[in-house]
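Shown next, in structure tokens, is the structure this report addresses.
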Number of protein chains: 2
Amino acid sequence: MVARSSRVTIHDVAKAAGVSVSTVSKALNDTGRMASETREKIKSIAADVGFRPNALARSLLFNRSFTVGLLTNDTYGRFTLPLMSGISEALVDHGVSVFLCAIEDDPALAKVHVDAMLDKQVDGIIATGKRVDRSLPVDLAGLPVPVVYAFTEGVPGSVILTADDSDGARLAVERLRKVGRKRIVHVTGPDSFVSAVERADAFRQAVGRDALVMHGAWTEAWGHEAVAMLWGEDKETPDGIFCGNDQIARGVVDALRERGVRVPEDVSIIGFDNWEIFADQTRPALTTVDMNLKELGRTAGLTILDLAEGRAVEAGLRKLPCKLVVRQSCGGDREI
Amino acid sequence: MVARSSRVTIHDVAKAAGVSVSTVSKALNDTGRMASETREKIKSIAADVGFRPNALARSLLFNRSFTVGLLTNDTYGRFTLPLMSGISEALVDHGVSVFLCAIEDDPALAKVHVDAMLDKQVDGIIATGKRVDRSLPVDLAGLPVPVVYAFTEGVPGSVILTADDSDGARLAVERLRKVGRKRIVHVTGPDSFVSAVERADAFRQAVGRDALVMHGAWTEAWGHEAVAMLWGEDKETPDGIFCGNDQIARGVVDALRERGVRVPEDVSIIGFDNWEIFADQTRPALTTVDMNLKELGRTAGLTILDLAEGRAVEAGLRKLPCKLVVRQSCGGDREI
DNA sequence: AAATGATGAGAAAACGTTTTCTCACGTTGA
DNA sequence: TCAACGTGAGAAAACGTTTTCTCATCATTT
């Protein structure tokens, strides 16, 4: 019943070299006692026949599969892909591969995927999602493998990695100040998102208690609308706008252009996310806050590795700093 | 040296049931001869202790790992994610998990990933990329596992799946005709992309030999530029524009609005890709051609499964049909 | 009552590794 | 010359399954 493998095994190498499999194993792993000429001969023969050890067999023996699972409900991949990229980059050097499981807010599907991963003896699971304050529709507590939550809500006592929204907001305000802006407002997403609230709080702290924060949708349309409101009243108009994401920022920039307001000469705009497809294509290109998701992924990967290999990791929420990506929409990109 | 697993094995079940492991195995797999009460008792005990067979051990035995690798150099994920979603959806029912490997046009990294997957005994590899007419920077020929190329160039004699660009173009023209458009032009990407050329050819075939095709970049800016050219001369302006992707379409729509040309009343616009983030956010929302990438992924997944299980699959290029997603930019969305 | 057959369940081998243990052989020292 | 020791290499067990083979036991038939 068992299918025959066409792959070359350690037995083939042993036969070709006229030694036992144990000797081959020791030769290739540089362990055991052995005449160095024997070792070299075996190594060369192994290379000749193209031997590569079957990872499944090693996994079975070591109880380490050198795989981790990435569980996400961010079907669009806006946040998952950069994270994935960082995880993969950090782990490939350690011979670890990543199972990507897209569960579309479907608890049953999530369970199927988690079970499949556990059956395949993943060394750990990284959970991620599309918002920081919502958990995946599956309970990952009490699993026989370590779990790291990245950019999604985790159970108490777990390791949770996320971007520092407050830091991002501070970075933006700091920059707007540096280019001489005085009347700064914040146009952002719904206040039902903790990210939006955290950024807004940090924004107020940086700008002043009565700073104007406008909550709306995460859309271009809301950017247009906000500009209409701000420029519609006969109050003093802002000279700096910090937007909650790049889509809103694009809406704001477009709306200002339509009104004949120049960006960045008259008003400086800063976005959030550094979603290149928006930030780069907006005219002028957006200066925006980057959440360093790839770095977050790298950290998540190394953390799950630490846990898998039994090293202690401090539990709790850990916030990683953001960075400002300077393009043209804020101005001052030359003189600073 | 070998770490102790905390997981419950078939031996634990055997001990708990007071029978041998072979009996447990046969009981759970509904094979062998056995008193049905024994079988049921074992099943219930196995469920009680939460036994799940170690997939690694089974893989070793069956020489089937129930994993496949998805290799991509589309770091942004525009095409990879829908594909991945389809693959995963098709395979999860068969207990197959997917390794996602992002190789960023780096041959060395690609080789590392491919080797890691082969070591882990993947049942097959699906290769994908960001263009149909470029191959990945790694040679997948002669691998000991089946390979399917999806949305990327494959070696001759291999199985290659791709979207039918001609079909997409025909669909668009057909629709423009149906809403009464007579003067239709095609604004698309560089003619160094075979996709662009195939669509352009099909467009010409549908509209007429001397139909106007404008090649440029795949950007919004090119959409603006093309409109400036079309409306700048004192020739008759088009009443229908079929765009090579949604970004160009968005540029065209925006440029027309700025000129006071109404979409879809005066001009009908159709995009390509159905990239929701563009198609949905454009005002009016874009009617656009969808390449059915998820379906493509599903097909790729089932194909690699066929190959892995030794079923014959016809080699060669297979083009899957597109579909038109109707929103507002083309008009006629109510009466048809 | 003895031979046959059916039934139930366990022993062992296999998958491809790694590691521990054992052993044969040759060299050294007294 | 013989014991002690070092060296090189193989045998066997282990990881967790599945499957084939073997063997009791019991019921049925002659």
Side-chain angles (χ1 to χ4, degrees), chain A residues 1-43 45-46 49-66 95 118-121 123 144, chain B residues 1-43 45-46 49-66 95 118-121 123 144:
Chain A
M1 226 46 11
V2 172
R4 293 286 329 152
S5 160
S6 66
R7 266 124 132 164
V8 20
T9 77
I10 199 172
H11 289 93
D12 300 324
V13 179
K15 205 163 293 173
V19 297
S20 72
V21 292
S22 12
T23 305
V24 175
S25 177
K26 284 181 290 191
L28 299 181
N29 293 308
D30 280 325
T31 59
R33 282 184 318 214
M34 178 178 304
S36 61
E37 47 209 286
T38 313
R39 200 182 287 280
E40 290 312 318
K41 192 188 81 179
I42 293 176
K43 279 186 178 176
I45 290 178
V49 300
F51 170 70
R52 307 216 51 176
N54 182 327
L56 258 31
R58 313 186 78 228
S59 299
L60 192 55
L61 203 53
F62 293 133
N63 216 37
R64 269 292 305 277
S65 66
F66 293 92
L118 292 178
D119 289 350
K120 293 186 175 103
Q121 313 290 116
D123 297 333
Chain B
M1 222 49 8
V2 173
R4 295 287 330 153
S5 160
S6 65
R7 265 125 131 163
V8 21
T9 76
I10 199 172
H11 289 94
D12 301 324
V13 180
K15 206 164 292 171
V19 296
S20 73
V21 292
S22 12
T23 305
V24 176
S25 176
K26 283 180 291 190
L28 299 181
N29 293 307
D30 281 325
T31 59
R33 283 185 317 213
M34 178 178 305
S36 60
E37 47 210 288
T38 312
R39 202 182 286 280
E40 290 312 318
K41 194 189 80 181
I42 293 177
K43 279 186 179 177
I45 291 179
V49 300
F51 169 72
R52 308 218 50 178
N54 182 328
L56 259 31
R58 312 186 79 229
S59 299
L60 193 55
L61 203 54
F62 294 132
N63 214 40
R64 268 293 306 276
S65 66
F66 293 92
L118 292 179
D119 290 351
K120 293 187 175 101
Q121 314 290 115
D123 297 332

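No experiment lies behind these values; they were computed from the predicted model shown. The sequence lines fix the lettering, A, B, ..., with proteins before strands; numbering per chain opens at 1.
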What nucleic acid atoms does [X] come within less than 4.0 Å of, heavy atoms only: base, sugar-phosphate, or nothing?
X	answer
A:R52	sugar-phosphate
A:T38	sugar-phosphate
A:R58	sugar-phosphate

Notebook entry, point to check: Is any N or O donor-acceptor pair between the side chain of A:S22 and the base of D:dA11 shorter than 3.5 Å?
Noted result: yes
Which side-chain N or O atoms in residues 13-23 of chain B pair as donor and acceptor under 3.5 Å with protein atoms at least two apart or in another chain?
residue	atom	partner	partner atom	Å
B:S20	OG	B:S22	OG	3.2
B:S20	OG	B:T23	N	3.3
B:S20	OG	B:T23	OG1	3.0

Given [options], identify the nucleotide with an atom nearest to the side chain of [X].
X	options	result
A:A57	D:dA9, C:dT17, D:dG16	C:dT17
B:A35	C:dG8, D:dC15, C:dT17	C:dG8
B:L60	C:dC15, D:dG8, C:dT18	C:dC15
A:L61	D:dT7, D:dT17, C:dT17	C:dT17

Checklist line | Approximate separation, where rounding is to 0.5 Å, of A:K120 NZ and B:R58 CZ | finding: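 Between A:K120 NZ and B:R58 CZ, I get 10.5 Å after rounding to 0.5 Å.
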d([atom1], [X]; [atom2], [N]) in whole Å:
X	N	atom1	atom2	answer
B:N63	C:dA14	CG	C1'	12 Å
A:Q121	D:dG16	CD	P	9 Å
A:D119	D:dT17	CG	C1'	13 Å
A:E37	D:dT7	CD	P	15 Å
B:E40	C:dG8	CD	C1'	16 Å
B:K120	C:dG16	NZ	C1'	16 Å
B:F51	D:dT18	CZ	P	6 Å
B:F66	D:dG16	CZ	P	20 Å

Notebook entry, point to check: According to a strict under-4.0 Å criterion, is B:N54 in side-chain N/O contact with OP1 or OP2 of D:dC15?
Noted result: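 Looking at the OP1 and OP2 atoms of D:dC15, neither is under 4.0 Å from any side-chain N or O of B:N54.
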Check: Just to confirm, is there a sub-4.0 Å distance from OP1 or OP2 of D:dG10 to any side-chain nitrogen or oxygen of A:T23?
Finding: yes
Margin query: Has B:R7 got a side-chain atom pairing as donor or acceptor with A:L118's backbone, closer than 3.5 angstrom?
Written below: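 Pair found, side chain donor or acceptor close to backbone of A:L118.
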Check: Nearest nucleotide by nearest heavy atom, which residue falls closer to the 5' end of DNA chain D, B:K26 or B:L56?
Finding: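 Closest to the 5' end, via its nearest nucleotide, is B:L56.
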Margin query: Can you list everything that forms a side-chain contact (heavy atoms from CB on, under 4.5 Å) with A:S65? Sequence neighbours excluded, please.
Written below: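 A:S65: side-chain contact (heavy atoms from CB on, under 4.5 Å) contacts with A:S59, A:T67, A:Q121, A:D123, B:L56.
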Notebook entry, point to check: Do the non-hydrogen side-chain atoms of A:H11 and A:V24 ever get within less than 4.5 Å of each other?
Noted result: no
